[in-house]
Every structure is written in C-alpha cells, then in structure tokens.
Amino acid sequence: MKISGKSMRPFIGSKDYTMSRNFYSSLGFKEIIISKKLSYFFIGEFGFYLQDAYVKDWIDNTMIFFEVEHLEGTLKHIQQLKLTEKYDNVRLSEIVFNEWGNQFFLHDPCGILWHFGSFKER
C-alpha cells in the first residue's frame, strides 16, 4: 500500500500567542481552540496548528509555502488588510517572478515566513 494523504498540518510556534492568534484571524483564517496553548487555524481544507511555544532558532527558520490559485488577487487582498500597519514586525513583499512560478512573502509578527505562490504549468 502506498501513502495516500488527506492533509498536512504543520505545527508553528509564536513569540506572543495572543498577537499571533489575532494576526492569523485578521489574515482570514478561522480558529478552533484545541487547548489553552494550541489552536488550529484553517482556510478551507488548508490549515496549521499554532502553539504558545517560542524557540528562537525554530521560529527564525520556519517557512510555509501556501499555493494559491490567484496570486495577484491574493496579494491585493492581503495589502488591503493593512497588516503591516496593525502588527509590529509584519512585512509583506511584492511578487517575485521565478522560472518555476511566482511568489510573494509575508512575515508574521514573530518572524515566521509565509510564501504565497503559484507554480507554472509544466
């Protein structure tokens, strides 16, 4: 039998759990509280677990790639949320064009790097 997946749900940490919860809610994720120090955030079928846990080296090296259907529209939507004005340390890039596809970057308040991207058809 081969591996047949249904979802992948990474666990990520946070330096300020309350601020991170607010940030991801502002970004458009829905939250299910699992326990006092753990929540599941999701958009549609895609999600992750946010923990009230901070390990600097871990956070500084956490990256998540979120493939989206409409990259330009996703960037415009996130720009309109004004997250860089509402939350300290949040950074949002413009689209970077690559041979394999395109992406833009969003740093959450504690430094986790999100890649929002789309792949070119092969």
Side-chain angles (χ1 to χ4, degrees):
M1 178 179 199
K2 294 181 181 179
I3 295 173
S4 178
K6 294 179 84 176
S7 73
M8 185 175 289
R9 300 178 178 188
F11 286 75
I12 63 174
S14 59
K15 189 171 186 176
D16 179 329
Y17 186 58
T18 300
M19 181 174 30
S20 291
R21 288 176 63 206
N22 291 336
F23 171 80
Y24 287 112
S25 293
S26 295
L27 187 55
F29 285 90
K30 294 193 179 354
E31 178 183 16
I32 297 174
I33 298 170
I34 307 294
S35 69
K36 185 177 176 184
K37 296 187 174 213
L38 181 69
S39 286
Y40 176 65
F41 283 86
F42 65 97
I43 292 177
E45 299 295 318
F46 305 97
F48 62 93
Y49 293 98
L50 179 71
Q51 302 173 87
D52 185 7
Y54 180 72
V55 177
K56 184 175 178 10
D57 286 344
W58 174 42
I59 297 292
D60 288 349
N61 288 290
T62 298
M63 293 184 274
I64 299 173
F65 190 98
F66 192 166
E67 183 180 6
V68 295
E69 290 186 33
H70 305 287
L71 188 62
E72 294 83 5
T74 301
L75 176 58
K76 286 179 185 173
H77 172 73
I78 293 175
Q79 288 170 331
Q80 292 170 350
L81 297 174
K82 301 189 182 299
L83 299 173
T84 56
E85 297 171 22
K86 295 177 184 175
Y87 297 94
D88 290 338
N89 303 317
V90 172
R91 297 187 319 251
L92 178 63
S93 77
E94 293 297 323
I95 294 174
V96 176
F97 299 92
N98 303 291
E99 288 184 25
W100 55 264
N102 306 318
Q103 64 183 332
F104 66 86
F105 307 100
L106 176 67
H107 292 261
D108 86 352
C110 72
I112 291 175
L113 177 58
W114 284 77
H115 299 240
F116 287 84
S118 60
F119 296 100
K120 291 183 179 175
E121 292 189 32
R122 294 181 185 200

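Fair warning: this is a prediction, and the values are worked out from it, not measured in the lab. Any value given below was found using the heavy atoms of this structure, including those in side chains, with hydrogens, waters and symmetry copies removed. Position 1 is the first residue of the sequence; numbering continues from there.
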Tell me whether I78 shares a hydrophobic cluster with F46, the cluster being built from Ile, Leu, Val, Met, Phe, Trp, Tyr side chains joined at under 4.5 Å.
yes
Return the OH to CG distance between Y17 and N22, rounded to the nearest 0.5 Å.
11.0 Å
To the closest 0.5 Å, what do you measure between CG (L71) and CZ (F116)?
10.0 Å
S14 and S20 have their tightest heavy-atom pair at CB-OG, 3.4 Å
With side chains defined as the heavy atoms from C-beta onward, is the minimum distance between S26 and L83 less than 4.5 Å?
yes
Quick check on side-chain contact (heavy atoms from CB on, under 4.5 Å): which of F42, F66, F29 does F48 satisfy it with?
F29
Which residue pairs pass the side chain to side chain donor-acceptor pair (under 3.5 Å) test when at least one of the two sits in residues 95-120, sequence neighbours left out?
Y24-D108, Y24-W114, R91-H107, Q103-H115
Separation between CZ (F105) and CG (L75), nearest 0.5 Å, reads 11.5 Å
Is there a chain of hydrophobic side chains (I, L, V, M, F, W, Y, each step under 4.5 Å between heavy atoms) that links V55 to I59?
yes
What about M8 and L38, same hydrophobic cluster or not, with Ile/Leu/Val/Met/Phe/Trp/Tyr joined at side-chain heavy-atom distances under 4.5 Å?
no
L113-V96 co-clustered via ILVMFWY side chain contacts under 4.5 Å:
yes
Determine whether the aromatic ring centres of residues F41 and F23 are separated by less than 6.0 angstrom.
no
Does the side chain of I64 come within less than 4.5 Å of I12's, by heavy atoms?
yes
Could you pull out the closest heavy-atom pair between G47 and P10, with the gap in Å?
O-CD, 3.7 Å
Could you measure the distance from the CD1 atom of I43 to the NZ atom of K30? Nearest 0.5 Å is fine.
8.5 Å
Is the number of heavy atoms from other residues, nucleotides or ligands within 6.0 Å of CZ (F119) greater than 12?
yes
So, taking the atom named OH in Y87 and the one named CG in N89, what distance separates them when rounded to the nearest 0.5 Å?
13.0 Å
Separation between CG of L50 and CZ of R21, rounded to the nearest 0.5 Å:
8.0 Å
Shortest non-hydrogen contact from I34 to Y40?
CG1-N, 4.0 Å
Pairs meeting criterion side chain to side chain donor-acceptor pair (under 3.5 Å) with involvement of residues 48-68, two or more places apart
R9-Y49, K56-D60
